[in-house]
Novice: 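Let me give you the structure first, and then I'll get to my questions.
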Amino acid sequence: MSFDRVAPFYRRLEKLVFGQQLQAARMAFVRQLAPRRRALVVGDGDGRFLGELCHARPDLPIECLDASAQMLALARDRVGDRYVQYLHADIRDADFPPRRYDLLVTHFFLDCFAEKTLREVVAKLSAAATDDAVWLIADFHDPPRGWRGFWGRFLIAMMYRFFRLAARIEARRLITYAPLLEAQGFRLTSEITLAGGLLRSQSWRRGASGEVEV
Ligand SMILES: C[S@@+](CC[C@H](N)C(=O)[O-])C[C@H]1O[C@@H](n2cnc3c(N)ncnc32)[C@H](O)[C@@H]1O
């Protein structure tokens, strides 16, 4: 798997197909975030989310892990390294100290993995998360059956074809990650949908229920 070849035109391709909607999904909950102590942003790509997170939370220490050197270089150019530590690694090989991060962000990342790996990735990130961690996830969502979901299903099928060829991702279809997060003690606290339901942005939280924090 490598997004190096895709990195130079990833942003233009995204804008061509989705306009501003992916960025809106990435940004959905950032401004409502309660203060956080340390963030891990995984697979952020070219740094458009990272830049906005730094802007919204200038004092938050952030670690940003990506397997693509090209993507990391774009992110570093965009954001700089004053508050961000860049980690060039494949999540499957990465080791994190236990309970280090109280903010995890995986936007359009979990959909790169087949079910077995996804299970391992979620378990690994959960082990690195504190007991009160927030996990922000923007991702695609399977459209409804029938003709109303035809265009969305077509688009998702084309995207998987493209990224399997160009970036060699292992996934062939969207996997529902919600049960995996729930099994790790996270619960969904907020959600918005965009693009007629094709995109979802979610905030998950571990720990005590009944709090209003995102
Ligand atoms: C589909 S792109 C999403 C980029 C960005 N987060 C966004 O919102 O568009 C997936 C990103 O995850 C990274 N990635 C994919 N598989 C990875 C892995 N196994 N370990 C670390 N990073 C990975 C890619 O290099 C790329 O930057």
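Both ligands and their constituent atoms are indexed starting at 1 by order of listing.
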Novice: At a 4.0 Å cut-off, with the gap strictly under it, does some heavy atom of Phe49 reach an atom of ligand 1?
Specialist: no

Novice: Distance-only, no hydrogens or angles: does the Asp102 side chain make a donor-acceptor pair with backbone N or O of Arg37 under 3.5 Å?
Specialist: yes

Novice: Taking non-hydrogen atoms only, is Met71 closer than 4.0 angstrom to ligand 1 via side chain, backbone, both or neither?
Specialist: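 Only the side chain of Met71 comes within reach of ligand 1.
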
Novice: Can any side-chain N or O of His88 pair as donor or acceptor with the backbone N or O of Leu65 at less than 3.5 Å?
Specialist: no

Novice: Within a distance under 4.0 Å of any heavy atom of His107, pick out the atoms of ligand 1 and give their elements.
Specialist: 3 (C), 5 (C), 6 (N), 7 (C), 8 (O)

Novice: May I ask you to list the atoms of ligand 1 that are less than 4.0 angstrom from any heavy atom of Met1?
Specialist: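 Numbered from 1, ligand 1 contributes 15 (C), 16 (N), 17 (C), 18 (C), 19 (N).
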
Novice: Please report the interatomic distance CZ(Phe108) to CZ(Phe18), rounded to the nearest 0.5 Å.
Specialist: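 Between Phe108 CZ and Phe18 CZ, I get 8.0 Å after rounding to 0.5 Å.
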
Novice: Give me the atom names and distance for the closest heavy-atom approach of Tyr86 to Ala75.
Specialist: OH-O, 3.6 Å

Novice: Tell me yes or no: between the side chains of Arg200 and His141, is some donor less than 3.5 Å from an acceptor?
Specialist: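 Yes, His141 and Arg200 have a side-chain donor paired with an acceptor closer than 3.5 Å.
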
Novice: Is it true that Phe9 and Leu72 fall in one hydrophobic cluster, defined by side-chain heavy atoms closer than 4.5 Å?
Specialist: yes

Novice: Which distance, rounded to the nearest 0.5 Å, do you find between the CZ of Phe109 and the CD1 of Ile91?
Specialist: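 So the gap between those two atoms works out to 5.0 Å.
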
Novice: What protein heavy atom sits nearest atom 19 (N) of ligand 1, and how far away is it?
Specialist: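 The protein heavy atom lying closest is Asp90 OD1, 2.9 Å.
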
Novice: Which heavy atom of the protein is the closest neighbour of atom 21 (C) of ligand 1, given with residue, atom name and distance?
Specialist: Ala67 N, 3.3 Å

Novice: Atom 27 (O) of ligand 1: which protein heavy atom is closest, and how many Å away?
Specialist: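 Looking at atom 27 (O) of ligand 1, the protein heavy atom closest to it is Asp66 OD2, 2.7 Å.
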
Novice: Once you measure the plane-to-plane angle for Tyr10 and Phe3, does it fall in the parallel (<30°), tilted (30-60°) or perpendicular (>60°) bin?
Specialist: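 Tyr10 and Phe3: perpendicular rings.
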
Novice: Can Val105 be reached from Tyr83 by stepping across I, L, V, M, F, W or Y side chains whose heavy atoms are under 4.5 Å apart?
Specialist: no

Novice: Could you check Arg36, Glu63, Arg38 and say which one makes a side-chain hydrogen bond (donor to acceptor under 3.5 Å, both in side chains) with Tyr101?
Specialist: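 Per the side-chain hydrogen bond (donor to acceptor under 3.5 Å, both in side chains) rule, the option paired with Tyr101 is Glu63, out of Arg36, Glu63, Arg38.
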
Novice: When you measure from atom 20 (N) of ligand 1 to every protein heavy atom, which one gives the shortest distance, and what is it?
Specialist: Ile91 N, 2.9 Å

Novice: Whether Arg76 and Asp66 form a salt bridge (side-chain N of Lys/Arg under 4.0 Å from carboxylate O of Asp/Glu) is what I want to check.
Specialist: no

Novice: Could you tell me whether some N/O pair between Val42 and ligand 1 is separated by less than 3.5 angstrom?
Specialist: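 No, Val42 has no N/O under 3.5 Å of an N/O on ligand 1.
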
Novice: Considering only protein heavy atoms, which is closest to atom 11 (C) of ligand 1, and at what distance to one decimal place?
Specialist: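 Sorting protein heavy atoms by distance from atom 11 (C) of ligand 1 puts Gly43 O, 3.4 Å first.
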
Novice: Taking 4.0 angstrom as the limit and counting only heavy atoms of Gly45, give me the atoms of ligand 1 inside it, by number and element.
Specialist: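 The atoms of ligand 1 under 4.0 Å from a heavy atom of Gly45 are 4 (C), 27 (O).
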
Novice: Among all protein heavy atoms, pick out the one at the shortest distance from atom 1 (C) of ligand 1; state its residue, atom name and that distance to 0.1 Å.
Specialist: Phe108 O, 3.2 Å

Novice: Are Phe163 and ligand 1 in contact, using a heavy-atom cut-off of under 4.0 Å?
Specialist: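 Contact absent.
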
Novice: Looking at Ser68, which atoms of ligand 1 are within less than 4.0 Å of one of its heavy atoms?
Specialist: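 Result: 25 (O).
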
Novice: If you measure from each heavy atom of Ala89 to ligand 1, is any distance below 4.0 Å?
Specialist: yes

Novice: Starting from atom 14 (N) of ligand 1, what is the nearest protein heavy atom, named by residue and atom, and what distance separates them?
Specialist: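 Sorting protein heavy atoms by distance from atom 14 (N) of ligand 1 puts Phe109 CE1, 3.7 Å first.
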
Novice: In terms of atom number and element, which parts of ligand 1 are under 4.0 angstrom from non-hydrogen atoms of Arg26?
Specialist: 7 (C), 8 (O), 9 (O)

